[in-house]
Amino acid sequence: MHLPDLHTTLNSLKTGQSSAQMELERAIAVAQSSACERVFLKTMFDDARTKITHLSGSVLQGLAVSVKDLFDVAGQTTAAGSTIFAQAPKASQDCPAVARLKAAGGVVIGRTNMSEFAFSGVGVN
C-alpha cells in the first residue's frame, strides 16, 4: 500500500482534493491493518472522529497523529513502555508537545508502543 507523505497529504487538504475525514479514515485503516498489529497500546478512533469535525482551517487540518507511550495525554496512564508504571495515576493534562499538536489541529488516534523507558536492551534508542 503506497501512502502519501504528510506534506502531500496536507497539500491535498488545503487544495480541497481530500478532506480531513477522508484522511482520518485512511489513517485509521492503516492503524487497524496487520502491519500495525502491535503498534498501538490504545486507540482513540471514535474520539478522533468526533474531534475532526471542529478542525477545518487549522494548521494541521485534522491530520492524524499517534502519541508514543512516553508522553502524557490527559486521562491516560503514561507507562513509558514498562509494566512497572502500568497502574500509575492518569495524567491530569497533556504534555506540552501533545497540547501543541492538538492546538494546531492534529487529532490523536492512539498511544503507541515503545521499548521500555525509550532505551533498548542493546543500548540503541
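Sequence positions, counted from 1, serve as the residue numbers for this chain. All values below were derived from every heavy atom in this structure, side-chain atoms included, with hydrogens, water molecules and symmetry-related copies excluded.
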Original post:
Is it the case that one hydrophobic cluster holds both Val73 and Leu41, taking links as side-chain heavy atoms less than 4.5 Å apart, direct or via other members?
Top reply: no
Subject >> Residues in side chain to side chain donor-acceptor pair (under 3.5 Å) contact with Thr77, at least two apart in sequence or another chain >> reply: none
Original post:
Once you round to the nearest 0.5 Å, how far does CG of Asn113 lie from SG of Cys36?
Top reply: 12.0 Å
**OP:** Working to the nearest 0.5 Å, report the span between CZ of Phe85 and CZ of Phe117.
**Re:** 5.0 Å
**OP:** For Asp69 and Ala80, indicate whether the former's side chain and the latter's backbone hold a donor-acceptor pair under 3.5 Å.
**Re:** yes
Original post:
Do the side chain of Thr8 and the main chain of Pro4 share a donor and acceptor less than 3.5 angstrom apart?
Top reply: no
**OP:** Please list, chain by chain and in numerical order, all residues satisfying side chain to side chain donor-acceptor pair (under 3.5 Å) with Ser66, sequence neighbours excluded.
**Re:** none
Original post:
How many angstroms lie between NZ in Lys90 and CD in Gln76, if you round to the nearest 0.5 Å?
Top reply: 8.5 Å
Subject >> Glu116: side chain to side chain donor-acceptor pair (under 3.5 Å) partners, not counting sequence neighbours >> reply: Ser82
Subject >> Interatomic spacing from OG in Ser115 to CG in Leu70 - rounded to 0.5 Å >> reply: 9.5 Å
**OP:** Carefully, step by step, assess Gln93 and Asp72 under the rule side-chain contact (heavy atoms from CB on, under 4.5 Å).
**Re:** CA-CA 7 Å; Gln93 62 186 21; Asp72 284 345; over 6 Å; no
Original post:
Taking Arg111 for the side chain and Phe71 for the main chain, is one N or O donor matched with an acceptor at less than 3.5 Å?
Top reply: yes
Subject >> Side-chain heavy-atom pair Val65, Val107 within 4.5 angstrom cut-off >> reply: no
**OP:** Please name the pair of heavy atoms, one in Ala20 and one in Gly62, separated by the smallest distance, quoted to 0.1 Å.
**Re:** CB-CA, 4.5 Å
Original post:
Which residues pass the side chain to side chain contact (heavy atoms under 4.5 Å, CB included) test with Ala74, sequence neighbours left out?
Top reply: Asp94
Subject >> side chain to side chain contact (heavy atoms under 4.5 Å, CB included) partners of Leu10, counting only residues at least two apart >> reply: Leu13, Lys14, Gln61, Leu63
**OP:** State the CD-CZ distance between Gln32 and Phe45, to the nearest 0.5 angstrom.
**Re:** 4.5 Å
**OP:** Find out whether Leu60 and Leu101 are in side-chain contact, i.e. whether some heavy atom of one side chain is under 4.5 Å from a heavy atom of the other.
**Re:** yes
Original post:
Does any non-hydrogen side-chain atom of Met44 lie less than 4.5 Å from one of Lys42?
Top reply: yes
**OP:** Could I get the full list of side chain to side chain donor-acceptor pair (under 3.5 Å) partners for Arg49, not counting sequence neighbours?
**Re:** Glu25, Asp46
Original post:
To the nearest 0.5 Å, how far apart are CE in Met22 and OG in Ser12?
Top reply: 9.0 Å
